[in-house]
Amino acid sequence: FEDSIETIAFQVFVALLPCLVSMESSKSIRLYRNSIRSAEEIVEVNFDLISSLLERYNGEKLINPKGTTITSMEQLTDGERFIVVEKRATCPPEVIMAAARELLEEHREAVLEQRYRFPVGPRIVAPTMAKLAKEHGKIDGGSVKRVVDGMLLELLGPRTAEDNKKRKAAPAPKPKAAPAAAQAPASDKMSADPIAETNFPVPTENRLNTAEILAQHVAVTGGKTITRFPPEPNGYLHIGHCKAMFLDFGFAMRRGGETILRFDDTNPGVESQEYIDAVKADVEWLGFHPVRVTYTSDYFDQLHAFAVQLIRRGLAYVDFSSKEEIRAGREQRMNSRYRDTPVEENLKHFEDMRKGKYEEGAAVLRCKINMQSDNPCMRDFIAYRIKYQGHHHAGDKWCIYPSYDFSHCVVDSLENITQSLCTIEFEIRQESYYWLLDALNLYKPIVWEMSRLNVTHGAISKRKLLALVNNGIVSGWDDPRLFTIKALRRRGFTPESLHEFVHRVGFSRTENLIRFELLEHCLRLHLDSVAPRAMAVLDPLRVVITNWGDGPATEIIEAPVHPKHPERGTRRTPLSRVLYVDRSDFRDVDSKSFFGLAPGKEAGLKYAFNITCTRVITDESGKAVELLCECDRTRSRKVKGHLSWVSAPEGEEPLHAEVREFGQLFPADVTQVRDWAGEADRNSLTVHRHALVDATLRDVAPEARFQFERMGYFCVDTDTRPGRLVINKITSLRDSRPV
């Protein structure tokens with residue numbers, strides 16, 4: 001019963017249950033658990049017995065849901081529902097009910113519609129606490145919650161089977177059917193609403209804290225959900241951070257809360273403004289909007305004061321052991337010889353560290369916890385170390401910097417974070433996280449860990465990415481073969497596709513390896529509906545129409561900008577007697593399964609007419625360099641193959657481009673990779689330097705995306721300059737088959 005009547009439940013019911021068998025009662029009451037999550041009947045009990053028991057335990061009251069305190073049998077209605085209410089609040093339950101009733105009436109229609117799924121915490125409990133705090137001082141959130149639960153019980157009655165069913169989000173609109181080859185595998189089925197499935201209690205129900213600390217927190221936040229996205233500015237964000245951002249920002253938005261973008265900048269040697277600017281750009285590009293941007297270094301003064309406080313209380317000490325000695329001591333669970341240094345000496349040593357009297361690495365401040373703990377994070381972790389490096393945000397004020405283990409939890413508390421969301425490898429740090437907040441008597445957020453986002457073929461960690469960049473395997477952090485957000489953006493992936501990808505992956509604690517093909521599938525779903533169409537040939541083969549005729553030397557062919565959206569109009573493409581097709585669309589020897597050109601064979605030109613190859617001109621090696629063809633403008637014969645082509649007005653050159661295609665740097669199962677620099681495929685980039693593209697692309701800007709018909713989706717690269725068009729292939733079509 002700990003979720004309902006807390007401190008008195010155990011004593012009351014242990015004393016009560018043996019008596020239930022033998023006692024006779026003229027009237028009885030029905031006692032319910034005081035929780036909207038479990039408001040089922042517990043037991044029918046004799047009023048006199050429970051009333052006397054309650055009187056013995058801290059003066060708790062028995063009230064009915066209307067707020068009436070029961071003091072005699074005459075007030076009882078046989079079979080009526082009652083709730084045990086503790087007298088921990090600074091105002092009586094009747095006052096709490098009066099304050100909450102106005103809010104309950106305001107939301108009455110929604111409560112009746114949603115029943116026990118209504119978000120009672122942020123809508124009723126938190127505003128009630130804020131209102132009462134102004135008149136009565138600190139209010140016990142648990143008492144308010146119990147009273148409000150009782151009011152809901154009176155209004156709605158006990159939970160039904162339907163109330164206990166897991167909530168289902170509205171189904172997402174189904175995309176138009178794609179060819180079977182393009183559908184995501186059955187194992188990649190989309191979760192209806194992965195954020196809705198994260199069942200966190202509302203901030204006012206955070207029972208990790210005392211009633212007093214929780215009330216202080218709620219008074220500041222109003223019961224609002226506050227999350228944070230806390231990257232360290234020591235590299236570029238990668239696709240795994242998309243998952244973290246989706247949860248941090250998405251969860252807060254879902255609950256009407258806010259998210260802080262906090263730079264965890266406690267290691268100045270590897271951090272820089274370049275990374276800070278890149279993180280901000282990535283967050284904005286993905287469509288997330290933090291309520292504010294903060295830095296752990298903003299709290300350096302407070303963190304230092306907390307460190308001094310721990311030393312004064314004998315919970316921290318300065319250790320002059322070497323790095324190797326500290327590591328060995330933690331592994332062997334041996335106390336440092338400096339662990340029992342007197343408080344005054346530790347205070348002096350720590351101040352000398354701050355003043356720069358010791359060499360870098362000569363001394364550290366360690367928290368004094370438990371060297372015998374099975375959790376290595378509890379074996380006196382390092383709280384402060386010396387670094388003689390200027391800080392990009394704090395300047396030259398400090399030469400000692402807090403560690404992640406020391407600063408992260410404290411800043412979470414100072415920023416009133418309600419849910420501290422992180423990946424599963426940080427689970428081992430949860431015990432030390434809460435130890436430190438308990439030691440400092442600070443508010444404790446709810447910590448929840450999820451699995452990392454691992455994708456086939458991908459190096460997804462800053463350490464691995466840095467090895468690839470520093471060894472020249474890739475051109476930089478934005479090389480389109482990498483899985484950094486900046487690289488994915490440059491390659492042509494869209495924010496919408498990344499959101500869809502994370503949405504489908506969902507959130508769990510189970511480690512898994514997500515296929516890169518799912519990410520490509522999500523991109524196709526988006527680009528298929530928005531990308532304009534164009535034509536290109538990567539390996540051009542010249543074609544001359546020998547029976548062009550006496551008409552205009554150049555025709556203007558109109559083709560749809562998007563075949564599924566005729567309202568977007570048409571694009572105008574020039575076609576003259578000289579045009580180019582892709583070399584893959586021609587074969588010297590024909591076959592039944594090939595629908596392109598061959599000697600004496602007819603094929604269609606998309607949006608134009610049919611052509612028949614009448615002669616092949618070759619070079620000295622026998623390679624075809626030009627096809628002479630005759631055209632049939634009437635399309636009198638039906639053909640199976642319709643070829644992409646590029647041309648230009650008579651006497652002009654087609655638009656040239658450099659087209660880059662990207663393979664994978666690593667095999668699908670990246671867990672088998674040991675040497676990230678040595679095992680990377682250095683031949684994973686293919687460059688088509690003489691490609692020809694549709695004239696409609698002459699003035700496209702970097703990051704413009706389009707579909708080259710019959711080829712795939714492409715994006716203009718940031719290397720594009722006047723007179724030099726560079727295009728990246730993002731991914732193939734749903735069904736990318738040769739003609």
Side-chain angles (χ1 to χ4, degrees), residues 480 490-494 497 520 523-541 543 554-576 578-585 596 603-609 641-649 652-662 687-739:
R490 181 180 178 184
R491 179 163 174 168
F493 284 87
T494 63
S497 65
E520 292 182 304
L523 178 74
R524 294 188 190 103
L525 290 178
H526 180 230
L527 290 187
D528 178 59
S529 62
V530 301
R533 273 40 173 180
M535 290 189 289
V537 291
L538 302 187
D539 188 4
L541 177 59
V543 175
T554 302
E555 295 182 11
I556 300 299
I557 303 299
E558 291 201 2
V561 172
H562 196 298
K564 298 179 182 179
H565 299 283
E567 71 279 2
R568 296 178 62 175
T570 59
R571 64 186 194 271
R572 294 167 58 84
T573 302
L575 174 60
S576 64
V578 178
L579 58 101
Y580 297 84
V581 297
D582 199 89
R583 186 172 297 276
S584 63
D585 287 337
L605 298 179
K606 288 180 73 71
Y607 312 113
F609 42 69
H642 297 275
L643 313 183
S644 300
W645 53 271
V646 171
S647 187
E652 297 182 17
E653 284 290 316
L655 180 59
H656 289 258
E658 177 184 308
V659 177
R660 300 169 179 171
E661 290 192 82
F662 306 100
V687 180
H688 304 278
R689 302 188 184 280
H690 305 291
L692 302 176
V693 299
D694 204 314
T696 57
L697 302 180
R698 190 174 299 277
D699 298 318
V700 290
E703 296 191 12
R705 302 171 185 87
F706 36 81
Q707 182 195 109
F708 283 154
E709 298 189 51
R710 299 179 57 245
M711 295 176 59
Y713 294 99
F714 293 76
C715 176
V716 180
D717 189 76
T718 51
D719 282 345
T720 293
R721 299 289 184 270
R724 185 193 180 207
L725 178 59
V726 181
I727 297 175
N728 297 327
K729 183 174 182 180
I730 317 172
T731 188
S732 61
L733 296 175
R734 288 185 174 89
D735 189 6
S736 187
R737 296 173 298 198
V739 294

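Residue indices begin at 1 and follow the sequence shown. All values below come from the heavy atoms of this structure, side chains included, with hydrogens, waters and symmetry mates left out.
How far CZ of Phe493 is from CD of Glu520: 6.0 Å, rounded to the nearest 0.5 Å. To the nearest 0.5 angstrom, Met535 atom CE is 12.5 Å from Asp582 atom CG. Here the straight-line distance linking atom OG of Ser497 with atom CZ of Arg524 works out to 11.5 Å at 0.5 Å rounding. Within the model, atoms NZ of Lys729 and CZ of Arg660 stand 15.5 Å from one another, a figure rounded to the nearest 0.5 Å. Taking NE2 of His526 as the start and CG of Asp528 as the end, the distance is 10.5 Å to the nearest 0.5 Å. Between the CG atom of Leu697 and the CZ atom of Phe706 there is a distance of 5.0 Å, given to the nearest 0.5 Å.
Side-chain atoms of His656 do not come within 3.5 Å of backbone N or O of Gly723 as any donor-acceptor pair. Ser644 places no side-chain N or O within donor-acceptor distance of the main-chain N or O of Ala536, the cut-off being under 3.5 Å. Looking at Ser576, its side chain does come within 3.5 Å of a backbone N or O of Ala648 through a donor-acceptor pair.
A search for side chain to side chain donor-acceptor pair (under 3.5 Å) contacts involving Asp539 returns nothing, not counting sequence neighbours. Applying the ring-ring contact (aromatic ring centres under 6.0 Å, His included) criterion to Phe714, with sequence neighbours excluded, gives Phe708.
Between Met711 and Leu733 the shortest heavy-atom distance is N-CD1, 3.6 Å. Here the closest heavy-atom approach between residue Ser529 and residue His565 is recorded as O-NE2, 3.5 Å. Here the shortest heavy-atom pairing between Ile557 and Ala608 reads CD1-CB, 4.4 Å. Across all non-hydrogen atoms, the minimal contact from Tyr580 to Val537 is O-CG1, 3.8 Å. Closest approach of Thr494 to Leu527, counting heavy atoms only: CG2-CD2, 3.9 Å. Nearest approach of Cys715 to Glu703, heavy atoms of both residues: SG-CA, 3.5 Å.
Sorted by first then second residue, the salt bridge (Lys or Arg N to Asp or Glu O under 4.0 Å) pairs that include residues 565-576, not counting sequence neighbours, are Glu558-Arg572, Arg571-Asp694, Arg571-Glu709.
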Carefully, step by step, assess Asp719 and Arg490 under the rule side-chain contact (heavy atoms from CB on, under 4.5 Å).
CA-CA 10 Å; Asp719 282 345; Arg490 181 180 178 184; 3.0 Å; yes
Take Arg491 and Thr731, measure what side-chain hydrogen bond (donor to acceptor under 3.5 Å, both in side chains) needs, and give me the verdict at the end.
CA-CA 9 Å; Arg491 179 163 174 168; Thr731 188; over 6 Å; no
Full working for side-chain contact (heavy atoms from CB on, under 4.5 Å) between Val543 and Leu605:
CA-CA 11 Å; Val543 175; Leu605 298 179; over 6 Å; no
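Between Thr570 and Tyr607, the closest side-chain pair of non-hydrogen atoms is not below 4.5 Å. Within the 4.5 Å cutoff, the side chain of Thr573 has no heavy atoms near those of the Leu575 side chain.
Only one option out of Leu725, Leu538, Leu692, Asn728 pairs with Val659 in a side-chain contact (heavy atoms from CB on, under 4.5 Å); it is Leu538.
The pair Asp717-Arg724 does not count as a salt bridge, with every side-chain nitrogen at least 4.0 angstrom from each carboxylate oxygen.
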